[in-house]
Amino acid sequence: MRLLLVEDDRALGQGIRIALGCEGYTLDWLQDGVSALHALRSESFDLLLLDLGLPRLDGLALLQHLRGEHLDLPVLILTARDGTAERIAGLDAGADDYLIKPFDVDELKARIRALLRRSQGRAQPVLEHAGVCLDPVTQQVSWHGNNVVVTPMEYQLLHQLLARPGKVVTRERLSRALYGWQERVESNTLEVLIHNLRKKLASELIRTVRGVGYVLELKP
Ligand code: CA
């Protein structure tokens with residue numbers, strides 16, 4: 001699961017990053033609305049944690065852009081205690097839930113889990129292609145009807161490829177979907193994951209486009 005946090009308060013951002021670090025999410029953190037809008041347009045996230053008072057483009061305007069462009073990821077607003085009008089405006093603009101600062105990290109985690117559960121059940125259809133089937137709700141993968149056990153990283157990688165069959169998915173996009181921006185990635189990690197998936201599914205299913213990325217073949 002990849003989460004985007006947009007928060008310009010450095011101490012709070014740091015705190016959230018640490019709190020969520022042990023939950024197994026990939027968390028990217030941006031500190032202004034314009035960078036966040038660019039990121040949300042070009043990459044896929046499973047959930048947005050959004051502060052409303054942000055430099056360059058405030059959270060409410062960002063949210064209106066998102067919903068206007070039909071980017072319908074779940075949005076959890078982080079807002080100040082006295083911001084009742086802001087909260088209502090946020091919900092009206094399409095936020096799914098809100099938390100009042102300062103909040104308890106356990107409550108934050110619970111709200112995130114609830115939103116992810118809801119969105120997984122609602123919006124994500126089973127992806128099926130060339131004999132591979134991936135169910136985002138149960139997180140199960142099968143190959144011609146037989147269950148295949150994959151690791152969480154292999155699952156994420158396959159999900160990225162299955163969402164764009166026949167199209168080249170760049171190494172950068174894959175790395176970011178798996179690790180976000182913050183962490184250094186061993187240069188051969190992707191190769192290892194691809195190798196494992198080929199072994200578990202079929203070697204001809206995933207084609208390497210040298211120096212660019214990988215394609216899930218239309219007719220392996
Ligand atoms: Ca702020």
Side-chain angles (χ1 to χ4, degrees), residues 1-6 24-30 35-49 65-66 69-75 116 119-220:
M1 289 290 138
R2 187 179 184 199
L3 278 49
L4 179 64
L5 166 67
V6 192
Y25 304 124
T26 299
L27 182 75
D28 289 310
W29 174 22
L30 293 172
S35 313
L37 186 58
H38 287 317
L40 288 157
R41 279 173 176 159
S42 58
E43 311 203 12
S44 57
F45 295 92
D46 299 294
L47 185 135
L48 172 64
L49 298 169
H65 276 290
L66 287 188
E69 294 172 26
H70 304 291
L71 292 164
D72 56 358
L73 77 171
V75 177
L116 288 174
S119 71
Q120 302 282 295
R122 177 186 68 203
Q124 300 203 17
V126 170
L127 298 175
E128 198 165 4
H129 184 79
V132 190
C133 184
L134 180 148
D135 185 339
V137 177
T138 60
Q139 305 230 326
Q140 281 190 333
V141 172
S142 66
W143 171 242
H144 290 295
N146 300 313
N147 273 349
V148 177
V149 179
V150 294
T151 66
M153 294 295 254
E154 290 162 8
Y155 175 89
Q156 292 294 347
L157 182 50
L158 186 61
H159 192 283
Q160 290 291 320
L161 293 171
L162 261 177
R164 299 162 197 83
K167 300 209 169 77
V168 181
V169 186
T170 63
R171 298 180 53 89
E172 268 167 316
R173 185 180 183 114
L174 292 171
S175 292
R176 277 193 231 131
L178 293 171
Y179 306 102
W181 296 305
Q182 272 104 23
E183 289 163 57
R184 286 180 59 83
V185 184
E186 296 288 324
S187 61
N188 67 345
T189 308
L190 266 182
E191 278 76 7
V192 173
L193 292 170
I194 292 281
H195 172 80
N196 293 345
L197 281 176
R198 283 176 174 148
K199 253 171 60 183
K200 291 179 180 183
L201 301 167
S203 57
E204 62 278 15
L205 185 70
I206 303 169
R207 180 163 54 89
T208 305
V209 181
R210 225 163 270 289
V212 182
Y214 298 94
V215 188
L216 192 82
E217 290 286 23
L218 289 172
K219 288 193 184 116

Of all the heavy-atom pairs spanning [X] and [Y], show the shortest one and how long it is.
| X | Y | value |
| --- | --- | --- |
| Val126 | Cys133 | CG1-SG, 3.4 Å |
| Val215 | Gly166 | CG1-C, 3.5 Å |
| Ser42 | Arg173 | O-NH1, 3.7 Å |
| Asp135 | Tyr155 | O-OH, 3.7 Å |

Student check: side-chain heavy atoms of [X] and [Y] closer than 4.5 Å:
| X | Y | result |
| --- | --- | --- |
| Val168 | Tyr214 | no |
| Leu48 | Leu40 | yes |
| Leu47 | Met1 | no |
| Trp29 | Val6 | no |
| His129 | Leu218 | yes |
| Thr189 | Leu178 | no |
| Leu37 | Leu66 | yes |
| Leu3 | Thr26 | no |

(message) Could you check whether any side-chain N or O of Lys200 sits under 3.5 Å from a backbone N or O of Val149, counting only pairs where one atom can act as donor and the other as acceptor?
(response)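 It does hold such a pair.
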(request) Please lay out, stage by stage, how Leu216 and Arg164 fare under the test side-chain contact (heavy atoms from CB on, under 4.5 Å). (result) CA-CA 8 Å; Leu216 192 82; Arg164 299 162 197 83; over 6 Å; no
(message) Assess, by modelled atom type and distance only, whether the side chains of Thr208 and Arg171 contain a donor and an acceptor separated by less than 3.5 Å.
(response)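 Thr208 vs Arg171: no donor-acceptor pair found between side chains.
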(request) Would you tell me whether Glu154 and Asn196 have side-chain atoms, one donor and one acceptor, within less than 3.5 Å of each other? (result)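 Indeed, the side chains of Glu154 and Asn196 share at least one donor-acceptor pair under 3.5 Å.
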Look up atom [atom1] in [X] and atom [atom2] in [Y], then write down how far apart they are to the nearest 0.5 Å.
| X | Y | atom1 | atom2 | result |
| --- | --- | --- | --- | --- |
| Leu73 | Ser119 | CG | OG | 8.5 Å |
| His195 | Ile206 | NE2 | CD1 | 11.5 Å |
| Leu162 | Leu157 | CG | CG | 10.0 Å |
| Leu205 | Leu161 | CG | CG | 8.5 Å |
| Leu5 | Leu30 | CG | CG | 8.5 Å |
| His65 | Leu71 | NE2 | CG | 11.5 Å |

(message) With side-chain contact (heavy atoms from CB on, under 4.5 Å) as the criterion, how do Phe45 and Asp28 come out once you've worked through the C-alpha distance, each side chain's angles and the decisive distance to 0.1 Å?
(response) CA-CA 9 Å; Phe45 295 92; Asp28 289 310; 3.7 Å; yes
(request) Could you tell me whether Arg2 and Glu43 make a salt bridge, using a distance below 4.0 angstrom between a side-chain N and a carboxylate O? (result)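 Yes, Arg2 and Glu43 are salt-bridged.
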(message) Between Glu69 and Arg41, does any NZ, NE, NH1 or NH2 come within less than 4.0 Å of an OD or OE carboxylate oxygen?
(response)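 The answer is yes: the pair qualifies as a salt bridge.
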(message) Heavy-atom count check: over 12 atoms from other residues, nucleotides or ligands less than 6.0 Å from Glu172 CD?
(response)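 For Glu172, atom CD is not crowded (no more than 12 foreign heavy atoms under 6.0 Å).
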(request) For Val209 and Thr170, run side-chain contact (heavy atoms from CB on, under 4.5 Å): C-alpha distance rounded to whole Å, both residues' side-chain angles, the deciding distance at 0.1 Å, then the answer. (result) CA-CA 9 Å; Val209 181; Thr170 63; over 6 Å; no
